[in-house]
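None of the values given here were measured: they were computed from a predicted structure. Just so it is clear: chains get the letters A, B, ... in the order the sequence lines come, proteins before strands, and each one is counted from 1.
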Amino acid sequence: MSDAITFTIDGKTVRGKPGQTIMEAADEAGIYIPRLCYLSHLAAHGSCRVCTVQVNGRPQTACTQPIAEGMTVENDTEALRQVRRDIVEMLFVEGNHYCMFCEASGNCELQALAYRLGITAPKYPYMFPSRDVDASHPDIFIDRNRCVLCGRCVSASRDLDGKTVFEFVGRGPDKRIAVNAEARLSDTELDITDQAVEVCPVGAILKKRVGYTVPIGQRKFDHTPIGSDIEARAAQAEEN
Amino acid sequence: MSTKQTLKRVVIDPVTRVEGHGKVSLLLDDKNVVRQARMHIVEFRGFERFILGRPYWEVPVTVQRLCGICPVSHHLAAAKAMDLIVGADTLPPTAEKMRRLMHYGQMLQSHALHFFHLVSPDLLFGFDADPAIRNVIGVARKFPDLAVQGVMLRKYGQEIIKATAGKKIHGTGAIPGGINKNLSVAERDAFLKDVDRMMDWSRGALKVAKDYTVEHLETLAPFGSFDSNHLSLIREDGAMDLYHGNLRAINAGGDTIFDQVDYQDYTDYIAEEVRPWSYMKFPFIKSLGPENGWYRVGPLARVNTCDFIDTPEAEAARQEFMALTGNKPNNITMAYHWARMIELLHSMEKIVALLNDPDLQGTDLVAKGDRREEAVGLIEAPRGTLFHHYKVNADDQVVMCNLIVSTTNNNEPMNRAVAGVARDYLSGNEVTEPLLNHIEVAIRAYDPCLSCATHAMGRMPLVVELFGADGALLDRRVKE
């Protein structure tokens with residue numbers, strides 16, 4: 001195609017379309033770039049920095065950087081893997097993440113990323129922040145101990161549900177997800193069928209009373225690491 | 001305290017080959033006679049507090065982290081309470097039977113661990129044998145067949161837990177109102193393949209425990225023994241039931257204290273006393289008061305309280321066991337081991353029956369009903385009756401939690417056993433190796449679960465300090 005943009009990721013030639021980001025083109029080509037805040041059907045946020053790649057030698061977030069002809073992208077290098085490990089480790093110590101009894105365990109993208117990146121234990125000291133829970137909604141439970149401030153719920157509520165239930169408040173270590181009500185989640189318009197409830201990558205926004213109903217061995221990441229679905233597209237991409 | 005001036009204190013810390021850490025103080029009077037034994041439980045777990053505010057469906061998975069040896073007990077006791085919270089008064093047969101299978105698998109692995117790894121060194125080499133030999137490695141060298149049987153029986157139990165709970169340790173199988181999986185035909189067939197061997201080994205373990213007790217009865221009968229009440233769950237027809245039933249308590253002579261009590265009302269019958277020197281409470285039967293109301297739980301109590309066992313080989317073994325004491329309750333502390341192996345065989349018989357039950361392949365896994373705000377879940381854990389009591393608010397958060405764990409029920413009996421043994425084996429101001437060993441043997445009979453740690457190697461250091469009546473250190477002995 002005449003309007004194809006050709007560039008390389010880790011030396012491999014990738015063809016994308018004008019207007020695509022590196023992430024979108026890589027996904028189509030079956031190349032997995034680790035990510036946390038990014039979801040293909042939400043506006044790219046660029047906040048978690050897990051998808052950091054080297055573009056012509058400079059660090060960029062793959063989810064926000066448009067592709068350009070002849071661009072050289074480095075993705076799966078030891079230096080970048082180390083950057084990603086550090087970011088994920090910091091997310092772990094900044095919150096209260098107890099995978100061993102968390103109901104999101106096995107389906108959690110943060111946990112799955114840690115496994116994929118080879119993190120066995122964080123090297124940074126745990127911060128043990130005091131975070132609150134909000135159990136007021138009849139169908140939905142918020143556990144801020146596990147929130148990684150990815151912003152997916154903010155975007156989904158605003159752009160997909162048209163409700164603006166969630167928003168960030170505070171700065172730095174005090175930053176948190178607030179709800180659009182005087183005090184409690186039950187005072188918002190949030191509904192169990194909203195996209196904002198579906199997109200949480202961790203166990204921070206949960207549907208009530210369904211935890212642990214999927215047995216160990218049948219959970220999302222029990223048998224294949226995160227990103228396997230994207231990598232499975234590589235063979236198909238080759239054929240095209 | 002007036003006793004301060006006249007008592008000496010001997011400290012044994014920590015106790016080896018017990019799950020977790022323990023410390024023993026012996027309070028002596030000025031004639032060097034043991035007046036009182038105090039078993040200190042130093043770990044503070046805090047689950048009753050930090051579970052508050054958490055959603056109720058998380059509780060069965062969270063509280064099992066109390067222990068790494070019998071987490072299934074906590075998992076199931078909490079799940080049983082949460083069944084009632086979600087209004088599931090009766091579980092679908094598949095759910096109840098899967099949970100029972102999980103529980104019998106746990107009984108098998110926990111009892112096998114205790115008997116083969118922790119107790120057998122004492123029985124096979126004698127209480128006074130050199131600790132360098134008297135451990136599980138020594139057993140593996142001298143009695144390799146027995147050691148392998150212990151490992152394989154435990155593995156079998158652990159595999160059953162994995163097939164029912166999802167993981168060998170800290171699984172997620174039991175959920176409020178039911179279970180999250182059934183047993184596949186492939187899983188079932190893999191277990192059925194080995195049942196004959198496991199039955200044989202269970203029979204063999206029972207024989208070792210029985211023969212040892214009968215042969216050494218003269219020494220064992222008075223060893224740390226005393227009359228006590230006994231408490232356990234019991235099925236409605238009086239059969240032993242390790243998973244579910246009502247409460248029965250009997251006294252040392254076998255008279256009923258209470259029977260078929262719905263455990264939802266346990267606070268009407270059981271209270272807990274706090275003593276200033278221990279984190280662990282002292283439960284007692286209310287009608288008898290703290291002085292006389294303490295009781296024993298666990299294998300010995302269960303075999304004593306039940307009218308019969310509903311599996312043939314374990315029932316035959318029970319009759320033999322009860323005949324030893326003229327069909328009156330057996331109050332011999334060291335008989336715990338024999339009773340425990342009767343339960344091991346019973347659990348294996350139950351596993352065989354369940355594996356042949358097509359209900360385990362059913363697909364109706366969860367029941368629901370009208371929500372409740374408060375519920376109690378009880379189970380007979382390997383170490384005895386386990387109480388879980390919760391209140392849950394309208395937002396699904398736990399607002400009250402009370403746990404009486406098996407070892408807590410045996411708190412007073414363990415202190416009595418230690419005091420009795422110490423009285424017989426301590427003389428003068430010297431803490432001897434045999435004294436330490438004998439105290440440990442008495443404690444170990446109760447298979448106490450002092451925390452979540454595992455020390456199967458039996459290589460923990462032992463520190464003994466002897467204090468004079470004036471508080472001065474008279475003797476100190478350290479075992480590496």
Side-chain angles (χ1 to χ4, degrees), chain A residues 95-108 111 115 126 128-146 179 181 183-188 190 192 197 200 202-223, chain B residues 47 50-66 68 71 74-75 78-79 82 85-88 95 98 102 161-184 187 365-366 368 371 392-399 452:
Chain A
N96 298 310
H97 298 278
Y98 297 101
C99 298
M100 70 285 278
F101 55 78
C102 177
E103 64 185 90
S105 201
N107 298 310
C108 171
Q111 182 192 42
Y115 278 125
Y126 287 101
F128 299 118
S130 182
R131 306 250 189 101
D132 59 3
V133 300
D134 187 336
S136 62
H137 195 286
D139 302 316
I140 300 152
F141 185 86
I142 298 183
D143 188 345
R144 290 189 176 84
N145 289 290
R146 303 164 181 162
V179 296
R184 310 187 310 164
L185 188 65
S186 57
D187 300 329
T188 70
L190 188 68
I192 186 77
V197 182
C200 182
V202 291
I205 301 178
L206 298 160
K207 290 180 185 173
K208 282 186 168 181
R209 301 176 288 277
V210 294
Y212 315 102
T213 46
V214 177
I216 295 167
Q218 295 176 28
R219 302 170 307 182
K220 197 171 175 188
F221 302 117
D222 276 341
H223 302 292
Chain B
F47 273 76
F50 63 66
I51 201 73
L52 301 184
R54 301 307 306 174
Y56 70 79
W57 56 89
E58 193 180 275
V59 173
V61 179
T62 310
V63 292
Q64 64 178 335
R65 296 263 163 188
L66 269 162
H74 293 288
H75 184 54
M82 295 315 165
I85 292 290
V86 302
M98 281 294 285
M102 190 194 302
I161 295 170
K162 187 182 174 190
T164 49
K167 278 164 74 186
K168 289 177 188 167
I169 305 172
H170 301 141
T172 62
I175 54 176
I179 194 92
N180 67 13
K181 76 185 286 282
N182 63 9
L183 193 74
S184 72
E187 286 168 325
L365 303 180
V366 182
K368 262 186 195 151
R371 269 274 265 130
V392 179
N393 68 15
D395 288 340
D396 299 327
Q397 293 171 288
V398 175
V399 291
C452 63

Go through the atoms of B:E58 and report whether side chain, backbone, both or neither lie under 4.5 Å from a heavy atom of chain A. both
Which atoms of B:A174 are under 4.5 Å from chain A, going by heavy atoms: the side chain, the backbone, both sets, or neither? neither
Does any non-hydrogen side-chain atom of [Y] lie less than 4.5 Å from one of [X]?
| X | Y | answer |
| --- | --- | --- |
| B:D396 | A:R209 | yes |
| B:R54 | A:D143 | yes |
| B:W57 | A:K208 | yes |
| A:Q218 | B:N180 | no |

Segment of A:F141 engaging chain B (4.5 angstrom heavy-atom cut-off): side chain
Considering only heavy atoms, which portion of A:D139 lies under 4.5 Å from any heavy atom of chain B: side chain, backbone, both, or neither? neither
From the list A:C102, A:S136, A:G217, A:S105, the residue making the most non-hydrogen contacts under 4.5 Å with chain B is A:S136
Per-residue tally against chain A (heavy atom, under 4.5 Å) across B:V86, B:T172, B:V366 peaks at B:T172
Where is the tightest heavy-atom contact between B:I175 and A:Y212, given as atom of each residue plus distance? CG2-O, 3.5 Å
Might you work through the side-chain contact (heavy atoms from CB on, under 4.5 Å) test for A:M100 and B:R65, ending with a clear yes or no? CA-CA 9 Å; A:M100 70 285 278; B:R65 296 263 163 188; 3.1 Å; yes
Quick check: are there more than 12 heavy atoms from other residues, nucleotides or ligands sitting under 6.0 Å from NZ of B:K162? no
